[in-house]
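Here is the structure we will look at.
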Amino acid sequence: MILFEFPKILKPNSTYELLNSLEQAFSMEEKLVPDVVINLQKVKKTSLLGILLNYKFIEYTYKHNCFRKPNLYVNPYIEKEWERYGFTKLIHSFVSNKDLTERNYKNLKVRVDDRFIIAPQALLRSKDYSDKFLKSEFLPKIENYYKKNDKVVSMIFLCLSEILLNFWEHAVDDTNSILVAEGNDNHIEIACADTGNGIITTLNRVFENSSINRPATLKKAVEKFVTSKKMTNHMGYGLWILNQIAHRVKGRFHIYSEGAYYKNDFGKEFAKKCGYWKGTIIYLSLPLKNPVTLSNIESHDNKKFNDIKINWK
Amino acid sequence: MKNINLDDFGPIISTKESGGKILKIITENLKADNKVSLDLKKIRSMATFCAKQIFGKLYVTLGAEKFFENIEVVNASDDLKSIIKIGIQSAIQENVSD
């Protein structure tokens with residue numbers, strides 16, 4: 001029997017442990033390995049990121065025929081959490097081997113009450129579904145929830161702009177990414193994960209020194225002007241902006257990709273090896289007490305922009 | 001002068017497709033009217049990629065003088081001003097290709 005066991009706690013701090021326990025699955029694509037158990041029965045605490053990775057793991061292994069009739073063991077707590085984040089129908093569609101249609105993704109709904117907002121958003125590339133729902137459901141509800149603080153909305157939307165662009169442009173071979181945001185008056189978390197080409201693969205193609213190790217590649221990825229697509233409209237600002245914002249508000253910014261991770265936890269940076277995840281995971285956690293936006297980081301009045309004259313009205 | 005409001009693209013511009021559509025609208029109106037006024041009132045944010053795709057491309061194509069004379073930008077927040085300048089600066093430093 002091959003066991004994929006989810007740890008007791010699925011919080012951002014335990015992602016390292018989680019990825020170590022799941023990495024073997026990514027070498028089983030199209031192998032239909034028999035006698036596999038995916039065990040979530042021990043999970044007692046979870047989080048936005050934990051549930052997202054739980055979903056993406058199940059989606060990947062089912063879609064890529066990694067296992068033959070795997071046994072999925074869950075407990076009432078994890079079922080409740082799937083429901084809370086809106087993933088129940090998506091996961092059941094895989095487990096029951098039904099065709100996964102866009103209908104299931106459209107069941108993802110933004111939930112708002114006085115104390116919190118949970119906002120999942122499928123990033124499908126077919127038709128104009130994602131853009132339409134993003135503009136009609138996802139963004140307006142976040143904007144409304146945080147309407148008392150304009151600067152908070154600007155900070156969140158700046159982060160979402162860069163995350164969405166990055167996932168849409170880089171994860172072209174994974175058409176089912178899901179972005180999830182969860183927040184309250186004091187704090188917001190945003191997570192997005194795909195199982196397409198990871199940051200390390202795409203960036204190592206352009207580094208002259210291709211022997212650069214994986215954690216070092218991720219550390220470089222958050223530097224300004226580092227991009228896998230030079231001489232295009234990509235300019236290597238997106239991850240840098242996210243990291244700068246996390247740094248300045250004393251939040252957290254994590255990237256996991258292909259056996260390495262980069263973490264900025266409250267201003268302290270780490271880049272190390274971890275279990276393999278095909279694709280990229282991005283996690284952002286921002287306190288909202290002192291929001292920061294791009295004009296705080298790079299003001300348009302900065303001397304370096306002096307030569308660029310724009311007719312602002 | 002042709003007034004163009006980008007309300008339909010708000011509140012964030014975060015896809016290559018949206019950037020491409022906006023660039024096309026501006027370019028076509030510049031051809032027809034010579035001058036355009038872009039209203040960004042409903043735009044809360046924009047990916048830096050899209051700023052380069054739209055404003056960087058226009059700046060490099062028109063040149064600094066014509067860009068200033070023929071395009072006015074209305075209701076841009078300080079954040080958008082920064083994003084737009086970052087996009088233009090990057091386009092100036094490279095030859096933009098798609």
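The chains referred to below are lettered A, B, ... by the order of the sequence lines, with proteins before strands, and numbering in each begins at 1.
Inter-residue side-chain proximity for A/Asn311 and B/Phe67 is flagged as unmet; no heavy-atom pair is nearer than 4.5 Å. Residues A/Ile308 and B/Phe55 form no side-chain contact, since every pair of their non-hydrogen atoms from C-beta on lies 4.5 Å or further apart.
Within the model, atoms NZ of B/Lys85 and OG of A/Ser299 stand 8.0 Å from one another, a figure rounded to the nearest 0.5 Å. Note that the CD atom of A/Glu162 and the SG atom of B/Cys50 stand 8.5 Å from one another [nearest 0.5 Å]. Of the inter-residue distances, the one linking B/Thr48 atom OG1 with A/Ile241 atom CD1 reads 4.5 Å to the nearest 0.5 angstrom.
Across all their heavy atoms, A/Ser295 and B/Ser82 have their closest contact at CA-OG, 3.7 Å. Nearest heavy-atom pair, B/Ile88 versus A/Ile310, reported as atom, atom and distance to 0.1 Å: CD1-CD1, 3.7 Å.
In terms of heavy-atom pairs under 4.5 angstrom with chain A, the leader among B/Leu40, B/Val74, B/Asp79 is B/Asp79.
Few gaps surround NZ on A/Lys135; more than 12 heavy atoms of other groups in view lie less than 6.0 Å from it. Open room surrounds NE2 on A/His247; 12 or fewer heavy atoms of other groups in view lie less than 6.0 Å from it. Annotation for A/Lys263: atom NZ counts as buried by contact number, over 12 foreign heavy atoms lying within 6.0 Å.
Sorted by first then second residue, the salt bridge (charged side-chain N to carboxylate O under 4.0 Å, His left out) pairs that include residues 144-160 of chain A, not counting sequence neighbours, are A/Asp150-B/Arg44. Within the structure, the salt bridge (charged side-chain N to carboxylate O under 4.0 Å, His left out) test picks out the following pairs touching residues 241-253 of chain A (sequence neighbours left out): A/Arg252-A/Asp265.
For B/Ser18, the part lying near chain A is the side chain, with the backbone staying farther off; criterion is any non-hydrogen pair under 4.5 Å. The contact between B/Asn75 and chain A is made entirely by backbone atoms, counting heavy-atom distances below 4.5 Å.
Proximity to chain A at a heavy-atom threshold of 4.5 Å picks out B/Asp8, B/Phe9, B/Gly10, B/Pro11, B/Ile12, B/Ser14 from residues 3-14 of chain B, in numerical order. Chain A is approached within less than 4.5 Å, heavy atom to heavy atom, by no residue from residues 24-33 of chain B.
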request  = With side chain to side chain contact (heavy atoms under 4.5 Å, CB included) as the test, would you mind laying out the steps for B/Asp78 and A/Thr293 before giving the verdict?
outcome  = CA-CA 9 Å; B/Asp78 283 349; A/Thr293 59; over 6 Å; no

task = Give the C-alpha distance, both sets of side-chain angles, the deciding distance and a yes or no for side chain to side chain contact (heavy atoms under 4.5 Å, CB included) between B/Ile86 and A/Leu294.
result = CA-CA 10 Å; B/Ile86 287 169; A/Leu294 193 57; 3.7 Å; yes

